[in-house]
Amino acid sequence: MPELPEVETTRRGIAPLLEGRLLTWAILREQRLRHAVPENLAERVAGARILSVGRRAKYLLIRHDRGGLLLHLGMSGTVRVLPVGYPAAKHDHVDLLLEGGELLRYNDPRRFGLILPTNSDPDDHPLLRDLGPEPFDPVLTGEALHQMARKRKSPLKVFLMDQKILVGVGNIYASEALFRARLDPRRLACEVSRPAWMRLLTAVREVLDEAITAGGTTLKDFRDPDGKPGYFGLHLQVYGRADEPCLSCKRPLHQLRLGGRATYYCSHCQR
DNA sequence: CCGGACGCCTGTCGGC
DNA sequence: TGCCGACAGGCGTCCG
């Protein structure tokens, strides 16, 4: 589920509540996530003072004075801030208890996400090692993308979703950015011109930025830490709109599979 | 090294 | 009504 805008929305929701607070305990109801959550999670976090809540790619990084926590929402994960004692529901796998009577509750029906305590800065975790640049990092340019794509024969959309190239773009925003840049998702990455890469990078940044402003996209599960959905779904131009008219040319949009994922595009506007 | 298929999970939806 | 397959926002591994 959550791509960069949903993770960033989650980060912004929890950061003001967490920063400077003391973690007092953790309740672990289900440890079988993408990686097993250590049995001693509570002891690992109890008494730690939270310094900051950051984000790298689609990971949330909670830094505290004894290390940190790495958190990923997978396909269906959400995090909420609730009062202590709030009854736990199905798939509420982990609670992080905070000084002052609130808790951070992690819910993830499909269990593709993760919560891992780290002894040092969670930035240094091996899971983050091979990630590409953030989409808003100035080191990322149309020229850089053009270079990286030179020998890549995968479809443009698959390339765009490769987290080693750049991070944060998932299945929804890949289709949206390609529509905005008027590029055919099936085009081979190695055959895309430098001006087209610049157009695409601009489109990626615009789409992500607008989605963050809207609080992300709620197709089904996603909620911000207050339990509110994201409203970018109202701005989706192509995702989920197979056979509906293109908002630009009125011709019906197409759907196909690329890299095993549903892909939506306009065969007239995107070349 | 690269690209494609598959698996990990649960829930939901459409077709029969 | 019930069953069964397909599919869903991510990502890692395997194999050719």
Side-chain angles (χ1 to χ4, degrees), chain A residues 1-10 29-37 55-60 70-79 89-94 106-116 125-132 135 147-178 185-191 204 207-208 211-212 214-224 229-236 238-243 255-264:
Chain A
M1 140 210 174
E3 306 180 34
L4 186 148
E6 292 74 34
V7 180
E8 180 60 21
T9 296
T10 301
R29 300 185 190 83
E30 172 59 79
Q31 55 181 150
R32 294 172 302 165
L33 302 184
R34 184 171 123 206
H35 296 282
V37 184
R55 180 191 56 74
R56 173 76 176 103
K58 300 173 191 171
Y59 290 86
L60 287 167
L70 198 59
L71 218 135
H72 196 289
L73 302 177
M75 288 279 262
S76 56
T78 52
V79 158
K90 201 173 185 182
H91 306 308
D92 283 343
H93 305 315
V94 180
Y106 177 86
N107 178 291
D108 184 9
R110 295 178 70 180
R111 291 191 275 120
F112 288 170
L114 67 87
I115 296 183
L116 286 179
H125 197 279
L127 283 169
L128 309 184
R129 204 180 43 210
D130 297 326
L131 292 172
Q147 281 301 315
M148 286 188 283
R150 274 190 317 163
K151 291 178 180 168
R152 300 291 295 265
K153 290 197 162 59
S154 47
L156 190 45
K157 172 167 174 270
V158 173
F159 183 81
L160 194 58
M161 291 173 63
D162 184 341
Q163 304 296 299
K164 294 187 188 69
I165 303 300
L166 80 164
V167 300
V169 179
N171 202 39
I172 295 179
Y173 300 113
S175 282
E176 292 299 312
L178 286 161
R186 301 167 297 177
R187 287 256 304 263
L188 297 188
C190 58
E191 290 171 353
V204 165
V207 167
L208 294 180
I212 291 168
T217 301
T218 297
L219 290 184
K220 196 170 161 301
D221 300 325
F222 178 69
R223 298 290 134 137
D224 76 8
Y231 297 104
F232 193 72
L234 301 168
H235 303 280
L236 294 176
V238 290
Y239 187 88
R241 297 193 61 241
D243 305 323
Q255 174 177 0
L256 54 76
R257 300 207 140 256
L258 288 176
R261 317 294 300 277
T263 304
Y264 303 86

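Atom set for the values below is all heavy atoms of this structure, side chains included, hydrogens, waters and symmetry mates excluded. Below, chains carry the letters A, B, ... as their sequence lines are ordered, and counting in each starts from 1.
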A.B. asks: When we call it a touch if two heavy atoms are under 4.0 Å apart, what does A/Arg152 touch: a base, just sugar-phosphate, or nothing?
C.D. replies: sugar-phosphate
A.B. asks: Has A/Arg257 got a side-chain N or O lying under 4.0 Å from the OP1 or OP2 atom of C/dA8?
C.D. replies: yes
A.B. asks: Donor-acceptor pair, A/Asp108 side chain versus A/Phe112 backbone, under 3.5 Å?
C.D. replies: yes
A.B. asks: Report yes if at least one side-chain N or O of A/Lys90 is closer than 4.0 Å to OP1 or OP2 of B/dT10; otherwise report no.
C.D. replies: no
A.B. asks: Compare side-chain N and O positions of A/His72 against OP1 and OP2 of C/dG10 and report whether any pair is under 4.0 Å apart.
C.D. replies: no
A.B. asks: Classify the ring geometry of A/Tyr59 against A/His72: parallel below 30°, tilted from 30° to 60°, perpendicular beyond 60°.
C.D. replies: perpendicular
A.B. asks: With rounding to the closest Å, how many angstrom separate the P atoms on B/dC9 and C/dC3?
C.D. replies: 24 Å
A.B. asks: Does A/Tyr59 or A/Ala262 map to a spot on DNA chain C nearer the 5' end, using the closest nucleotide for each?
C.D. replies: A/Ala262
A.B. asks: Whom does B/dC9 pair with, Watson-Crick or G-U wobble, provided both distances fall under 3.5 Å?
C.D. replies: none
A.B. asks: So, is A/Arg111 close to the B/dT10 phosphate, meaning a side-chain N or O under 4.0 Å from OP1 or OP2?
C.D. replies: yes
A.B. asks: Can you check the A/Arg261 CZ to C/dC7 C1' distance for me, whole Å?
C.D. replies: 11 Å
A.B. asks: Rounded to the nearest Å, what distance is computed from the CD atom of residue A/Glu8 to the C1' atom of nucleotide C/dG9?
C.D. replies: 17 Å
A.B. asks: Rounded off to whole Å, could you give me the CG-to-P distance for the A/Leu114 and B/dC8 pair?
C.D. replies: 18 Å
A.B. asks: How far does the P atom of B/dC6 sit from the matching atom of C/dA6, given to the nearest Å?
C.D. replies: 12 Å
A.B. asks: A/Glu176 and A/Tyr239: which non-hydrogen atoms are nearest, and at how many Å?
C.D. replies: OE2-N, 2.7 Å
A.B. asks: It should be established whether A/His91 places a side-chain nitrogen or oxygen under 4.0 Å from OP1 or OP2 of nucleotide B/dG11.
C.D. replies: yes
A.B. asks: Closer than 4.0 Å, any side-chain N/O of A/Tyr239 to the OP1 or OP2 of C/dG9?
C.D. replies: yes
A.B. asks: OP1, OP2 of C/dC11 versus side-chain N and O of A/Lys58: anything below 4.0 Å?
C.D. replies: yes
A.B. asks: Just name whichever nucleotide pairs with B/dG3, Watson-Crick or G-U, keeping both distances under 3.5 Å, else none.
C.D. replies: C/dC15
A.B. asks: Is A/Phe112 stacked on the base of C/dG10 when the test is centres under 5.5 angstrom and planes under 30 degrees?
C.D. replies: yes
A.B. asks: Give one of base, sugar-phosphate or nothing for A/Phe159, where a contact means two heavy atoms less than 4.0 Å apart.
C.D. replies: nothing
A.B. asks: For A/Ser76 and A/Gly74, indicate whether the former's side chain and the latter's backbone hold a donor-acceptor pair under 3.5 Å.
C.D. replies: no
